[in-house]
Amino acid sequence: MERKDFYFRKAKEEGYLARSVYKLLEINKKYNLIRKEDRVLDIGCSPGSWVQACLKLKVSEVIGIDIQEAKVEDNKFKFFKKDINKINLSNWGEFNVVLSDIAPSTSGNKDLDSSRSYELSLKAFEITKKVLKENGNFLVKIFQGEEFPSLLTEIKKNFIFCKSFKPKSTRSSSKEIYIIAKGYRKAI
Ligand SMILES: C[S@@+](CC[C@H](N)C(=O)[O-])C[C@H]1O[C@@H](n2cnc3c(N)ncnc32)[C@H](O)[C@@H]1O
């Protein structure tokens, strides 16, 4: 059986809304990004498997944004059905952790998809710089293309620790990669 089927079935069996939860769980086990009582912003959160994982980790609150509906209901989860290019960040407060699994709908054209992914992930980083607490953590997905090194370089400037990582549960054909950044420094 292919790996994709394994994680898809495992998510169903364990009550998670998407197989992508195993990417977050693997990253969090290795890098300890999310801790109990953290306040988390989840950019591109739908259907909500990362929200489910955060709630299991006993965070204090998760704020999620997506253009599609989220399928999680919990009093510690607040959802905003919004395009990240059109959000107003005032009154959101600060977060200990920002997660972004945001991704464009794929067109089949790898260059176009990676360029769209870069634009979305760069926007997620711009939002992060406004709302992340000093010393906070950031996780962002990007489709690897020619813009990937420049995003990594930009993020590195604001964090004590920063590296890219491809989780085991990522499909072998996928160009997606995650940037893990810990220890936010506002002033650079
Ligand atoms: C891979 S999915 C996220 C899966 C999620 N982490 C989970 O575990 O359930 C990527 C999400 O990015 C969202 N998205 C794409 N463009 C967006 C935009 N401009 N603003 C907000 N969300 C967007 C999509 O609607 C999609 O739900």
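All residue numbers in this chain count up from 1 along the given sequence. The shown structure was predicted, so the numbers you read here are calculated from the model rather than taken from an experiment. Remember, it's 1-based here, ligands and their atoms both numbered in the order they're listed.
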### Query
Below 4.0 angstrom, N of the basic side chain to O of the carboxylate: do Glu26 and Lys23 qualify?
no
For [atom], find the nearest protein heavy atom and state the residue, atom name and distance (0.1 Å precision).
atom: atom 8 (O) of ligand 1; result: Ser49 OG, 2.4 Å
atom: atom 16 (N) of ligand 1; result: Ile67 CD1, 3.8 Å
atom: atom 20 (N) of ligand 1; result: Ile84 N, 3.0 Å
atom: atom 12 (O) of ligand 1; result: Ala103 N, 3.5 Å
atom: atom 4 (C) of ligand 1; result: Ser46 O, 3.2 Å

### Query
Should the ring pair Tyr16 and Tyr22 be called parallel, tilted or perpendicular, given that the plane angle runs from 0 to 90° and is split at 30 and 60?
perpendicular
#### Entry: Charged tip of Lys129 within 45° of Phe125 ring normal and under 6.0 Å
yes
[X] near ligand 1, heavy-atom distance under 4.0 Å?
X: Pro47; result: yes
X: Gln52; result: no
X: Ile102; result: yes
X: Lys123; result: no

### Query
Which heavy-atom pair separates Gly108 from Asp113 by the least distance, and what is that distance?
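Heavy atoms only, the tightest pair is N-OD2, 3.3 Å.
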## Note on the structure
Nearest heavy-atom contact between Lys163 and Leu152 is C-CD1, 4.5 Å
Can you sort out which atoms of ligand 1 are near [X], meaning under 4.0 Å from one of its heavy atoms?
X: Trp50; value: 6 (N), 7 (C), 8 (O)
X: Gly44; value: 3 (C), 5 (C), 6 (N), 11 (C), 12 (O)
X: Cys45; value: 5 (C), 7 (C), 9 (O)
X: Lys141; value: 1 (C)
X: Gly48; value: 7 (C), 9 (O)

### Task
Compare Asp101, Ile87, Asp66, Asp83 and give the one whose heavy atom is closest to atom 25 (O) of ligand 1.
Asp66
### Query
So which of Gln68, Lys82, Glu119 gets nearest to atom 21 (C) of ligand 1, if we judge by its closest heavy atom?
Lys82
### Task
Is it possible for you to say whether Ile84 and Leu151 belong to one hydrophobic cluster, with membership spreading through side-chain heavy-atom contacts below 4.5 Å?
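Ile84 clusters together with Leu151.
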### Message
Hydrophobic clusters here meaning ILVMFWY residues chained together by side-chain heavy-atom distances under 4.5 Å, can you tell me if Phe161 and Tyr178 are in one?
### Response
yes
### Query
Looking only at N/O atoms, are Asp42 and ligand 1 under 3.5 Å apart anywhere?
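No - when backbone and side-chain N and O of Asp42 are compared with those of ligand 1, no distance drops under 3.5 Å.
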### Message
Polar contacts were defined as any N/O atom of the residue lying under 3.5 Å from an N/O atom of the ligand; does this apply to Leu120 and ligand 1?
### Response
no
### Message
Nearest 0.5 angstrom please: Leu33 CG to Asn137 CG, how far?
### Response
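The distance works out to 5.0 Å.
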### Query
Would you say the side chain of Leu24 lies within less than 4.5 Å of the side chain of Ile34, judging by non-hydrogen atoms?
yes
### Exceeds 12 heavy-atom contacts within 6.0 angstrom, atom NZ of Lys166
yes
### Query
Within the side chain of Asn96, is there an N or O that forms a donor-acceptor pair under 3.5 Å with the backbone of Arg39?
yes
